[in-house]
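Below is one structure, written out as structure tokens, with a few remarks after it.
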Amino acid sequence: MNIELSAEQQAFSQKIRDYMSQHMMTDDFKAELACEEFSHGGGPIYWQKMRQLGADGWIRYSWPEELGGAGADPVEQYLLVDEAKRAGFPWPALSANSIGPVFAKHAQPEIRDKIVGEILGGEAYLAIGYSEPSAGSDLASLRTRAERDGDDWIINGQKIWTSCANFSQYIWLAARTDPDPAKRHKGLTIFLVPTNSVGYSCTLIQTMGVVTTTTYYQDVRIPDCYRVGEVNGGWPLITGQLNVERLSLVSYGHVAKLYDETLKLLYSDTVYRELLATPWVQRNLAVAKARLSALKLMCLKSAWKIEQGGSGMVEASATKVFGSELYVELGRLMAEILAPLSNLRGDDAVLNGLMERWYRKGTVHTFGGGANELQRSIVATAGLGLPRGA
């Protein structure tokens, strides 16, 4: 593997960086994102930006040609998401890069073209309905049921931590279609549930760091055409989607943002500039830089592995563990430099309150997309060939 980006890839990154700064991250959109309600998206300006992304071809760019996209390779796909997140744009990674292509590949023809068109046009967001109150990292134990009724399915159950469901048009839902306890993994099916379905509802959950949701399914009736893939064949779709999601959660640009902003402040502000001559500050910056460089290599290796035809499962799990724990560590390293005012909230705080938000959001990265304990087990068993514990 060549760890250096080619000249073409570097030019592509710069093109995305310029596009994001000039067209996406406008002052009115930044103000909207500063509101807790719209911090992940969903506001009126967000949807304007999404439609612009679609019209300018950026969502389509990251899809394979056979699925209606422009055929960017996995490294370019990674660079696109990385630069968007580095700019602060809430890139629709679930719809555009994680769920969307899997849906396009396995959807039934009656609804495929319509919904793919909505995703690529920036008109639709897909949220993930996996976790339940009694089924978190062990998704094989989920209880939400889907029962066949003629040409329809009737869904009953509850999901939790369904992030972005409050403004999504569809829920990518995993439901149990075979109640046999011996078929924990082989009894699951994926459905795409329109959020305007009768019997569907959603409530917000205000956590310390992020806004998420609980979603409810009470006799939700959907036609069979909204089933994705084969009946009881949902597990491979879940695992394939999660590999991409885990990588996008800890993309280099996303994790490096606090370091970038801290370094910019140290060089530009006369009050803070003298800290650059302090040995322990130099050490904190050096540790952060070294570990961020390692994360960049891990992200690129994961993308390269997928480009070579591999699943990238082990690499994605290892990168997710390292990146999420680095996210938390960066909060400590940079807070030591900018303390004590760094943890204030609001526009008058250092870095406009970025540090305070970082601390509140940091921990969620260690279990979002699959708890780190589970990811370590995947690396140990699938990557290193170690035996499973009794």
Which atoms form the tightest heavy-atom contact between [X] and [Y], and what is the distance?
| X | Y | result |
| --- | --- | --- |
| Thr189 | Asn232 | OG1-N, 2.7 Å |
| Met20 | Ala84 | CE-CB, 3.6 Å |
| Ser21 | Asp18 | OG-O, 3.0 Å |
| Tyr359 | Ala335 | CE1-CB, 3.8 Å |
| Ala165 | Thr213 | CB-OG1, 3.4 Å |

Subject >> Neighbour count above 12 (heavy atom, 6.0 Å) for Gln218 CD >> reply: no

Original post:
Would you say Glu274 has more than 12 foreign heavy atoms packed within less than 6.0 Å of its CD?
Top reply: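 Incorrect, the count does not exceed 12.
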
Subject >> Centroid-centroid distance, Tyr226 to Trp153, less than 6.0 Å >> reply: no

Applying side-chain contact (heavy atoms from CB on, under 4.5 Å) between [X] and each of [options], report the one that passes.
| X | options | value |
| --- | --- | --- |
| Tyr217 | Ile222, Leu173, Ile154 | Leu173 |
| Ser324 | Thr363, Asn372, Val255, Val364 | Asn372 |
| Ser251 | Leu79, Asp82, Thr319 | Asp82 |

Could you tell me the separation between the [atom1] atom of [X] and the [atom2] atom of [Y], rounded to the nearest 0.5 Å?
| X | Y | atom1 | atom2 | result |
| --- | --- | --- | --- | --- |
| Leu333 | Lys289 | CG | NZ | 14.5 Å |
| Glu315 | Met313 | CD | CE | 9.0 Å |
| Gln14 | Tyr19 | CD | OH | 15.5 Å |
| Leu354 | Leu258 | CG | CG | 5.0 Å |
| Lys257 | Leu292 | NZ | CG | 13.5 Å |
| Met355 | Leu330 | CE | CG | 9.0 Å |

Subject >> Under the salt bridge (charged side-chain N to carboxylate O under 4.0 Å, His left out) test, residues paired with Arg357 that sit two or more places apart >> reply: none

Subject >> By salt bridge (charged side-chain N to carboxylate O under 4.0 Å, His left out) - contacts of Asp149 (at least two apart) >> reply: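 Residues passing salt bridge (charged side-chain N to carboxylate O under 4.0 Å, His left out) with Asp149: Arg221.
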
Under 3.5 Å: donor-acceptor pair, side chain of [X], backbone of [Y]:
| X | Y | value |
| --- | --- | --- |
| Asp56 | Trp58 | no |
| Glu325 | Phe322 | no |
| Arg360 | Val210 | no |
| Thr162 | Gly129 | no |
| Arg291 | Ala286 | no |
| Ser197 | Val193 | no |
| Gln158 | Thr215 | no |

Can you give the donor-acceptor pairs under 3.5 Å from side chains of residues 108-124 to other protein atoms, not counting sequence neighbours?
| residue | atom | partner | partner atom | Å |
| --- | --- | --- | --- | --- |
| Gln108 | NE2 | Asp224 | O | 2.7 |
| Gln108 | NE2 | Arg227 | O | 3.0 |
| Arg112 | NE | Ala104 | O | 2.9 |
| Lys114 | NZ | Glu118 | OE2 | 2.6 |
| Lys114 | NZ | Tyr170 | OH | 3.2 |
| Glu118 | OE1 | Tyr170 | OH | 2.7 |

**OP:** Go through the steps for Val314 and Leu384 under the test side chain to side chain contact (heavy atoms under 4.5 Å, CB included), then give the verdict.
**Re:** CA-CA 9 Å; Val314 173; Leu384 301 177; over 6 Å; no

Original post:
Given the rule in the side chain to side chain contact (heavy atoms under 4.5 Å, CB included) test, do Val211 and Glu37 qualify, once you have shown the distances and angles that lead to the verdict?
Top reply: CA-CA 7 Å; Val211 177; Glu37 179 185 1; over 6 Å; no

Original post:
Which residues pass the side chain to side chain donor-acceptor pair (under 3.5 Å) test with Thr214, sequence neighbours left out?
Top reply: none

**OP:** Evaluate the side chain to side chain contact (heavy atoms under 4.5 Å, CB included) criterion for residues Ser39 and Leu33: first the C-alpha distance (whole Å), next the side-chain angles of each, then the deciding distance (0.1 Å), finally the verdict.
**Re:** CA-CA 4 Å; Ser39 59; Leu33 291 174; 5.9 Å; no

Indicate every side-chain donor-acceptor pair of residues 263-272 with a distance under 3.5 Å to a residue at least two apart or in another chain.
| residue | atom | partner | partner atom | Å |
| --- | --- | --- | --- | --- |
| Lys264 | NZ | Glu261 | OE2 | 3.4 |
| Ser268 | OG | Lys264 | O | 2.8 |
| Asp269 | OD1 | Val271 | N | 2.8 |

Original post:
For Asp260 and Arg86, what are the C-alpha separation, side-chain angles and deciding distance, and is it a salt bridge (charged side-chain N to carboxylate O under 4.0 Å, His left out)?
Top reply: CA-CA 9 Å; Asp260 290 343; Arg86 192 168 192 173; 2.9 Å; yes

**OP:** If the plane angle is over 60° it's perpendicular, under 30° parallel, otherwise tilted; pick one for Trp358 and Tyr327.
**Re:** parallel

**OP:** Can you label the angle between the Phe12 ring and the Tyr61 ring as parallel, tilted or perpendicular, going by 30° and 60°?
**Re:**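 Answer is parallel, since the angle falls under 30°.
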
Original post:
Got a salt bridge between Lys320 and Glu373, using NZ or NE/NH1/NH2 to carboxylate O under 4.0 Å?
Top reply: no

Original post:
Does the pair Glu132/Lys159 count as a salt bridge with the N-to-O cut at 4.0 Å?
Top reply: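 Judged by the 4.0 Å cut-off on N to carboxylate O distance, Glu132 and Lys159 do form a salt bridge.
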
Subject >> Worked check of side chain to side chain contact (heavy atoms under 4.5 Å, CB included) between Tyr252 and Leu300 >> reply: CA-CA 9 Å; Tyr252 170 82; Leu300 289 172; over 6 Å; no

**OP:** Answer with yes or no whether the side chains of Gln77 and Asn97 bring together a donor and an acceptor at under 3.5 Å.
**Re:** no

**OP:** Output, in order, the C-alpha distance, side-chain angles, deciding distance and verdict of ring pair (Phe, Tyr, Trp, His ring centres under 6.0 Å) for Tyr200 and Tyr216.
**Re:** CA-CA 6 Å; Tyr200 168 86; Tyr216 308 89; 8.7 Å; no

Cut-off 3.5 Å, no hydrogens considered: what does the side-chain donor-acceptor table look like for residues 40-49, sequence neighbours left out?
| residue | atom | partner | partner atom | Å |
| --- | --- | --- | --- | --- |
| Lys49 | NZ | His23 | O | 3.0 |
| Lys49 | NZ | Thr26 | OG1 | 3.1 |

